[in-house]
Number of protein chains: 2
Amino acid sequence: MSSSDARASSSNTFAPGGPDLALGPCAACAARGLAFCNVLEGEDLSRLLQITSETNAGAGQAVFYEGDEASHVYNVTEGVVRVSKMLPDGRRQITGFLFPGDFLGLSHDDAYAYTAEAVNAVRLCRFRRDRLLQLFDELPQLEKRLLGMAADELAAAQDQILLLGRKTARERVVSFLLGISKQAQRRGESGNPVGLPMSRADIADYLGLTIETVSRMITKLAKDGVIELPSSNKVHFTNRNALEDIEMGEEA
Amino acid sequence: MSSSDARASSSNTFAPGGPDLALGPCAACAARGLAFCNVLEGEDLSRLLQITSETNAGAGQAVFYEGDEASHVYNVTEGVVRVSKMLPDGRRQITGFLFPGDFLGLSHDDAYAYTAEAVNAVRLCRFRRDRLLQLFDELPQLEKRLLGMAADELAAAQDQILLLGRKTARERVVSFLLGISKQAQRRGESGNPVGLPMSRADIADYLGLTIETVSRMITKLAKDGVIELPSSNKVHFTNRNALEDIEMGEEA
DNA sequence: CGTATACTTGAATTGAGTCAATAAGTGTGG
DNA sequence: CCACACTTATTGACTCAATTCAAGTATACG
């Protein structure tokens, strides 16, 4: 493999000066409003911070690999993470892109069932899994929140299953572009135009297609006048209604 | 639609005679060992039973439809349920088959995001969603168990995403057959031979294929000598190792 | 026992993949 | 600032796995 397979490196535990100062790192966190920790405040939050450390990963670096001991749970605070699984012969499927506020690694298993890699520069909060599970007993609202987020993820996974099982290449690409836009809106951006931080290869492996097909479909959508491409990694929606029709197979 | 779209009908609340008698219906439940309620005993279980009722659904009947108000959570105790989503033009994707011990309906949303229908005669325990969520505060082990099961479901969904995104028709069918067998083993059956309670159409819509392709692949596997077909809805595995190789694209 | 339903099989079609070449960025060092 | 190498994206021609269309054959059912 290339240099891109190095692990996420730097990591240091927060050392809160005391209960009141503890919110420190979170006060400045852009993902705070979206993340599971947003149900906690004051003393409770500082409780969580005691088992929290921070990690960074550069573009292409792995946060962890499929099969690694599932010792930590992570929370994305900056950047985009891709989660993928591989078949022995190298075929890759990206099961999701994670944005600020999303968590990963809450496996029920001893080992991670998937690989997590940074798409661009990524910052994450890291929690020891066993300690976090213990903390649920003291902070039940945390567990409730995580169950809610797991339910949301399950719903998203089922949408992706519908996409992969039954949608055409064109519909898949449109669903993806609209999804990226909605995610940007959740983060407080306009969502139009929207940047595509990931490569065509990543998009292809997420949509169960090839790079060439993704490229062709994007080009075709631009020719059809429903999007514009200021650059290859930026999309401007010129007819969102038409796109929403295409997404569900209700093209004119 | 045909007569098969009638809703699940009969439903009656358990009326436990008292704390000790309350285990009554659960004592006889074949799914008890696998279901989320298995973390409860005695007084705690009787607490859950107070908000529990029972429902039946005949083959083809719906338990609920996508878009219905998500008022209840269910637990399959007997039979097989298929969970599906549809595109406006009628394309259908089955996102999962649920067996005794599996739960459904734990949506975070107001409405169910999918339709649930009985594949064969089905029996379910039914819980009012709001009451169940309340109960989590008193019975935290219940919530913990459900979070664990949600994590398992999420892992299964990701396996299905890999299957739909990257596996060939042959690999999909083999994965499906092995999965059905493993599920039968979890229920205490031998898993070989194993019955296929669902139709070819259901299998096709689960695997993102057509009926014809599923049929051809099953026939081919039999011709290749890795399975036998005592009947069209029963499979005997004659070379499980070969099947496990095929599943992961490592065919000889 | 006939009719509907489910499943299988065959032939032709097609949407997406593969292979191959070109073009457009991106970054590096002179 | 440009020239070069390298990576990423696009475009074209051809192929193929799975679908579609079309019979045919079991199987279940009233």
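Per chain, numbering begins at 1; letters A, B, ... match sequence-line order. Reckoned from all heavy atoms, side chains included, excluding hydrogens, waters and symmetry mates.
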K.L.:
Rounded to whole Å, please give me the gap between CG in A:Leu207 and C1' in C:dG15.
P.N.:
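That distance rounds to 16 Å.
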K.L.:
Answer with yes or no whether the side chains of B:Ser231 and B:Asn233 bring together a donor and an acceptor at under 3.5 Å.
P.N.:
yes
K.L.:
Under 4.0 Å from a heavy atom of chain B: give me the 5'-most and 3'-most nucleotides of DNA chain D that qualify.
P.N.:
D:dA18 to D:dC21
K.L.:
Let me check the geometry of the helix from C:dC1-D:dG30 to C:dG30-D:dC1. What is the bend angle between the axes at its two ends, five pairs each, to 10°?
P.N.:
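Comparing the axis at each end, I get an angle of 40°.
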K.L.:
Which heavy-atom pair separates A:Ala31 from A:Gly101 by the least distance, and what is that distance?
P.N.:
CB-N, 3.6 Å
K.L.:
In Å and rounded to the nearest 0.5 Å, what is the CZ to CD1 distance from A:Arg216 to A:Ile211?
P.N.:
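Interatomic distance, A:Arg216 CZ to A:Ile211 CD1, rounded to 0.5 Å: 11.5 Å.
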K.L.:
Going by ring-ring contact (aromatic ring centres under 6.0 Å, His included), name the pairs with one or both residues in residues 69-92 of chain A, residues two or more places apart or in two chains.
P.N.:
A:Phe64-A:Tyr74
K.L.:
Summarise how protein sits on nucleotides 4-11 of chain C as a single string, 5' to 3': B when a protein heavy atom is under 4.0 Å from the base, S for sugar-phosphate-only contact, - for no contact.
P.N.:
---SBBBB
K.L.:
Check the distance between C:dG17's C1' and B:Arg166's CZ and give it to me in whole angstrom.
P.N.:
10 Å
K.L.:
Are A:Phe103 and A:Phe127 near enough that their ring centres are under 6.0 Å apart?
P.N.:
no
K.L.:
Could you list all the ring-ring contact (aromatic ring centres under 6.0 Å, His included) pairs where at least one residue sits in residues 169-192 of chain A, not counting sequence neighbours?
P.N.:
A:Phe176-A:Tyr206
K.L.:
Within this structure, what is the CZ-to-C1' distance between A:Arg172 and C:dG15, rounded to whole angstrom?
P.N.:
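So the CZ-C1' distance, A:Arg172 to C:dG15, works out to 11 Å.
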K.L.:
Applying ring-ring contact (aromatic ring centres under 6.0 Å, His included) as the test, list every pair that has at least one member in residues 184-205 of chain B; sequence neighbours left out.
P.N.:
none
K.L.:
Please classify the nucleic acid contact of A:Ser231 as base, sugar-phosphate, or nothing, using heavy-atom distances under 4.0 Å.
P.N.:
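Nothing: the residue A:Ser231, judged by heavy atoms under 4.0 Å, touches no strand.
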K.L.:
Main chain of B:Tyr112, side chain of B:Ser107: is a donor-acceptor contact present, judged purely on distance under 3.5 Å?
P.N.:
no
K.L.:
Between A:Arg92 and A:Asp202, does the salt bridge (charged side-chain N to carboxylate O under 4.0 Å, His left out) criterion hold? Intermediate values first, please.
P.N.:
CA-CA 9 Å; A:Arg92 182 180 72 149; A:Asp202 283 349; 2.8 Å; yes
K.L.:
Do A:Ile246 and A:Leu221 come within less than 4.5 Å of each other through their side chains, counting heavy atoms only?
P.N.:
yes
